[in-house]
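Read through the structure below, which is laid out as structure tokens, and then see the notes.
Chain letters run A, B, ... following the sequence lines, proteins first and then strands; every chain starts at 1.
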Amino acid sequence: MDWELILKVYPYFLEAAWVTIQLSVLTVALGLVCGALGAAARLSRFALLRFLGAAYVSVIRGTPALIQLFLLYFGGPQIGIQLDAFEAGVIGLGINIGAYMTETMRGAIISVDRGQGEAARTLGLSQFQAFRKVVLPQALRLMIRPLGVNINAQIKGTALVAAISVVELTYTAQRYIGSTYKPFEMFMLSGLLYMAIIYATGKGITYLDSRVRLQ
Amino acid sequence: MTDPQHFVEIRHAQKSYGKFEVLKDISLTVERGQIVAIIGPSGSGKSTLLRAINDLDPLTGGEIWLDGVQVNKKLPHRQYEKHINAMRQHVGMVFQHFNLFPHLTVRENVTMAPKLLKGISEDEANKLAEEQLNHVGMIERIDYYPSQLSGGQKQRVAIARALAMRPKLMLFDEATSALDPELVEEVNQVMKTLAEEHMTMIIVTHEMDFAASVCDRVLFMDQGVVVEEGPPEKVFRNPDQERTREFLRKHLEGAK
Ligand SMILES: Nc1ncnc2c1ncn2[C@@H]1O[C@H](COP(=O)(O)OP(=O)(O)OP(=O)(O)O)[C@@H](O)[C@H]1O
Ligand SMILES: [Mg+2]
């Protein structure tokens, strides 16, 4: 283990970790928005929206995220979408994780007992009121842990944007290997930093989940 | 169609799931203050009929009238939603599995709908909760969560929640079937109190003794039709129909 080298390069890795964190936060935020819209569409009263929601999920989950990313970044300009690598990474991966989050959210909503919505409707609440006041608060509690699984996958998934040269943890490791020929040290370093990010996020999710547990 | 003469009027109710006819031309009237029990074997359509009254399971044919207004009238979607939400405020429903809102306290379970739909103040809501929970003997548990209550207590809170909307009609779908035997009586007591206060009630039940003691009329349903109907003394002691007799006999044997 070349400690001297590690001490020399680690500040660059910390910078790269910060980019990975930004990518993670932004893709997860976009994913949550896409997931909420997707779940709403999949559970809609309108057949067209249900179809669009289902199509979104099956197209995204049925193709590699890397292909989606390449399509957006390299193929985009051909149809007039000009994005820099970071933007393409956020949008591509956000839309990607959104499909998985769609299914997570939909699953949580439909696993709330049907009798809950019925009891609310019986009291005279509208469909929307029953959803907001009774079904959603229970669904939110059910979806925190599975969304945590999606988020965990997404943090690791940001490594894909190395392929379009975003200078994040994975790309940085590869770059320094090129000049130092020390792949063991470099990959160890970025692996540890990924682990730290994932560990902290996991703690956050567990805390959130324990706060909202049903009595 | 003639105007309704009765408080609740069900006219030729029909309900199918695909080819399967669950309710076949059922007619029924209930007067203000009357208590009607619906009995019958599993799958005979009792819940379906009850749930049609507040449109949880809309009919595929026939009409339901409540206090001079048709519940299932034909309206465009949005208008119908408005109409049915307003109708449901007048009809309380109690479920076999209570369906209390687990994320809300007992107080919040009772006050949520009145606060949301009638715009009452926090003070009024608290008074209402206390009044209704006193009524069902649950005032001590006002700040508990449903998971901290026994089945009988849950059901009493569920009744208070329904009563807080000040309904004109209460529907009970086997309110005591999910309870341990020793908890049944406390819920029956609450229902008896309501009976003494002349609440109009339609009660689906498997408890013949209870039905006999509180009801003005009993309806025996089988395979989607009303086989027999009359005062409890008649239907329980001296039914006209062979099917009724057989059901009661089997039920008695089952209870032993
Ligand atoms: N959503 C549905 N789709 C198809 N069939 C249904 C549906 N809901 C109810 N049924 C059928 O309708 C019939 C009547 O059901 P219902 O629940 O009204 O019976 P019930 O008299 O309340 O029985 P129980 O005493 O078991 O509660 C049953 O045969 C049931 O299988
Ligand atoms: Mg039933």
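- The neighbour count for A:Lys133 NZ, taken as heavy atoms of other residues, nucleotides or ligands under 6.0 Å away, does not exceed 12.
- Heavy-atom proximity under 4.5 angstrom to chain A picks out B:Arg161, B:Ala162, B:Met165 from residues 159-169 of chain B.
- Taking CD of A:Gln127 as the reference point, atom CD of B:Glu81 lies at 6.0 Å (rounded to 0.5 Å).
- The number of heavy-atom neighbours closer than 6.0 Å to CZ of A:Phe74, taken from other residues, nucleotides and ligands shown, is above 12.
- In this structure, B:Lys192 places its NZ atom where more than 12 heavy-atom neighbours from other residues, nucleotides or ligands lie under 6.0 Å away.
- Contact detail for B:His103 and A:Val134: the closest heavy-atom pair is CE1-O, 3.7 Å.
- The list of side chain to side chain donor-acceptor pair (under 3.5 Å) pairs with a residue in residues 62-81 of chain A, not counting sequence neighbours, reads A:Thr63-A:Gln68, A:Gln68-A:Asn96.
- Both the backbone and the side chain of B:Gln89 have a heavy atom closer than 4.5 Å to some heavy atom of chain A.
- Within residues 106-131 of chain B, the residues having any heavy atom under 4.5 Å from a heavy atom of chain A are, by residue number, B:Met112, B:Ala113, B:Leu116, B:Leu117.
- Interface residue B:Phe101: backbone and side-chain heavy atoms are both found under 4.5 Å from chain A.
- Contact of A:Arg132 with chain B is not made at all, since no heavy-atom distance falls under 4.5 Å.
- Side chains of A:Arg121 and B:Asn85 form a contact here, defined as non-hydrogen atoms less than 4.5 Å apart.
- Heavy-atom minimum distance, B:Pro102 versus A:Gln138: CG-OE1, 3.3 Å.
- For residues 33-54 of chain B, a heavy-atom distance under 4.5 Å to chain A picks out B:Arg51, B:Asn54, given by residue number.
- Residue contact with chain A, scored on non-hydrogen atoms closer than 4.5 Å, involves the backbone of B:Leu100 exclusively.
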